[in-house]
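Let me begin by presenting the structure, written as structure tokens, before commenting on it.
Order of appearance sets the numbers: ligands from 1, and atoms from 1 within every ligand.
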Amino acid sequence: MNGNGFMPHGYCFLWRPSLLWLHISSDALTGLAYYCIPLVLVYFIRKRRDLPFPLVFWLFSAFIFFCGTTHLMSIWVLWHPDYYVEGLIKAATAAVSISTLLTLIVYVPMALELVSPAVLAEQNEKLAAMVEETETRGRVTLGAIMDNVSDGIITIDEHGGITSFNAACTRIFGYQPEEVIGKDMDLLVPGPDLAEDGDDPWHALTTGGASGREVLARRKDGTKFPLELALSSFTLDGARYLTGCLRDITPQKAAAAELELLMTRLTESNAELERFAYVASHDMQEPMRMMLSFSELLAQDYASVLGEEGREYLNIIGSSAVRMRNMVRDLLDYARLDGEGQRFAPVDLAREMGLVKDNLRQLIEETGAEITYDELPVVQGSAVQIMRLLQNLVVNGIKYQPPGQVPRLHLGVSGEGGTRIFCLSDNGIGIKAAFVEEIFEPFRRLHSWDSIPGSGLGLAVCRKIVESHGGRIWAESTPGQGTRFYFTLP
Ligand code: ADP
């Protein structure tokens, strides 16, 4: 008996040691297990942060802990009749048990919704199979692409070792992939040829800076050839690689060399032709002058002897000689253009237009032509040539008019600074669209000499002048309404 008047619980067992030990050992072991279970559960909760419904686990741990305590209390009360304390512990255990039960009731339907590990495993398996299939398909597709592209594709590790080599590379170099994989890139592109960047020939490769450069490569048979190499770097599993696009540019180089040769020949033959045109037209001037003077003398002194028909023939000879003289003069002008040194200086276009009007005073008066122009700028160029350009265009604008019509010409300008576009428009007969490009060719005329005289060189001269100033000339026309000649000057 103690102060509370209760007897220790051992009395119920009549203090029989065998019965006491049976209870003590059973309660002790159960209590011990009940204390260990929450520890394991807490360890589990802390490790599996993604655990669903962790509250249930926490409550379950607390519930088992209290149950363990009630068992230990059962041992205590064998000797100490603290039944109130025992009751309170049981009450706390009951409270935690009820809470656990209620929480379980709430969570069980939700837990049932969770996908079971078996289903998850099955889904995982399916996903893994899909991933593998996609990877295999990707690898096969990539392999097919790599082997079908016309450009060589190569992969190199950061030490210059070849790690992949496609079918086009085999065509280009003559090596099979197994002969080069693992070997140094130096085998295909001998190092010194990449040495443009300084002492380290592989510097450009390892820094990924060699994009689209031309290098000298070597085939399996030892022959060397020009190769266009574009490299870019990428990182895979922490290691850096270079992937390169390779193209054998032997045909392009050969074509470029051939083109250059042709261009040189063409330039030479053009120069020769121009020299010939210059010499021929220069030397023809004198005999032409003689023919003209003597046909005039003949007409003056022997007109009566020749008779009507003879005078007519002489007229034809005279006008043909004039025509020939003009052609020779224009040809000489045209041929001279290349020989003239290009001394560019500021040219005031308004002043040049004034000079053109002075030069053409007689023609302007005869036809009543009206020539207007915008406020014109000062450009850089050869004043003589620009005056000739303007004059040729103005003469044409006046010349190519329907009979009796007053020619109206206007020179406009557009564009500020840099390259300006000039436009000389007229109200003349116009040009059919099919011919607007041809008229700039030497000797290309759309009219007979008898209808409108001309040598067919005026616009060819214009084009040469504009192009020698770094500009462009072209025409637009509406037949029957007029023509616009555009040209650009810096
Ligand atoms: P030419 O006037 O001596 O015949 P051009 O080279 O100046 O030679 O002109 C070539 C041809 O372009 C001319 O024969 C003419 O048919 C056409 N042409 C040139 N300018 C004009 C124009 N303003 N209007 C209509 N046709 C033109």
List ligand 1's nitrogen or oxygen atoms that come under 3.5 Å of a protein nitrogen or oxygen, with the partner atom and distance.
{"from": "ligand 1", "atom 1": "2 (O)", "to": "Asn396", "atom 2": "OD1", "distance (Å)": "3.3"}
{"from": "ligand 1", "atom 1": "2 (O)", "to": "Lys399", "atom 2": "NZ", "distance (Å)": "3.2"}
{"from": "ligand 1", "atom 1": "2 (O)", "to": "Tyr400", "atom 2": "OH", "distance (Å)": "2.7"}
{"from": "ligand 1", "atom 1": "3 (O)", "to": "Ser455", "atom 2": "N", "distance (Å)": "3.0"}
{"from": "ligand 1", "atom 1": "3 (O)", "to": "Gly456", "atom 2": "N", "distance (Å)": "3.0"}
{"from": "ligand 1", "atom 1": "4 (O)", "to": "Tyr400", "atom 2": "OH", "distance (Å)": "3.0"}
{"from": "ligand 1", "atom 1": "4 (O)", "to": "Arg445", "atom 2": "NE", "distance (Å)": "2.4"}
{"from": "ligand 1", "atom 1": "4 (O)", "to": "Arg445", "atom 2": "NH2", "distance (Å)": "3.1"}
{"from": "ligand 1", "atom 1": "6 (O)", "to": "Gly458", "atom 2": "N", "distance (Å)": "3.3"}
{"from": "ligand 1", "atom 1": "6 (O)", "to": "Leu459", "atom 2": "N", "distance (Å)": "2.8"}
{"from": "ligand 1", "atom 1": "7 (O)", "to": "Asn396", "atom 2": "OD1", "distance (Å)": "3.4"}
{"from": "ligand 1", "atom 1": "7 (O)", "to": "Asn396", "atom 2": "ND2", "distance (Å)": "2.8"}
{"from": "ligand 1", "atom 1": "7 (O)", "to": "Leu459", "atom 2": "N", "distance (Å)": "3.3"}
{"from": "ligand 1", "atom 1": "8 (O)", "to": "Gly456", "atom 2": "N", "distance (Å)": "3.4"}
{"from": "ligand 1", "atom 1": "14 (O)", "to": "Tyr400", "atom 2": "OH", "distance (Å)": "3.2"}
{"from": "ligand 1", "atom 1": "14 (O)", "to": "Leu446", "atom 2": "N", "distance (Å)": "3.3"}
{"from": "ligand 1", "atom 1": "16 (O)", "to": "Leu446", "atom 2": "N", "distance (Å)": "3.3"}
{"from": "ligand 1", "atom 1": "16 (O)", "to": "His447", "atom 2": "ND1", "distance (Å)": "2.9"}
{"from": "ligand 1", "atom 1": "20 (N)", "to": "Asn396", "atom 2": "ND2", "distance (Å)": "3.3"}
{"from": "ligand 1", "atom 1": "23 (N)", "to": "Asp426", "atom 2": "OD2", "distance (Å)": "2.9"}

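Here Arg219 pairs with Asp221, Thr223, Phe225, Asp248, Thr250 under the side-chain contact (heavy atoms from CB on, under 4.5 Å) rule; sequence neighbours left out.
Residue pairs meeting the ring-ring contact (aromatic ring centres under 6.0 Å, His included) criterion with at least one partner in residues 353-407, sequence neighbours excluded, are Tyr400-His447.
Within 6.0 Å of CG on Asp237 lie no more than 12 heavy atoms contributed by other residues, nucleotides or ligands. Around atom CE of Met146, more than 12 heavy atoms belonging to other residues, nucleotides or ligands sit under 6.0 Å away.
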Working for side chain to side chain contact (heavy atoms under 4.5 Å, CB included), residues Trp474 and Thr488: CA-CA 9 Å; Trp474 70 100; Thr488 60; 4.0 Å; yes
Please set out all donor-acceptor pairs under 3.5 angstrom arising from side-chain atoms of residues 359-367, sequence neighbours excluded.
{"from": "Asn359", "atom 1": "ND2", "to": "Gln391", "atom 2": "OE1", "distance (Å)": "2.9"}
{"from": "Arg361", "atom 1": "NH2", "to": "Asp358", "atom 2": "OD1", "distance (Å)": "3.1"}
{"from": "Gln362", "atom 1": "NE2", "to": "Glu366", "atom 2": "OE2", "distance (Å)": "3.2"}
{"from": "Thr367", "atom 1": "OG1", "to": "Leu363", "atom 2": "O", "distance (Å)": "2.8"}
{"from": "Thr367", "atom 1": "OG1", "to": "Ile364", "atom 2": "O", "distance (Å)": "3.4"}
{"from": "Thr367", "atom 1": "OG1", "to": "Ala369", "atom 2": "N", "distance (Å)": "3.4"}

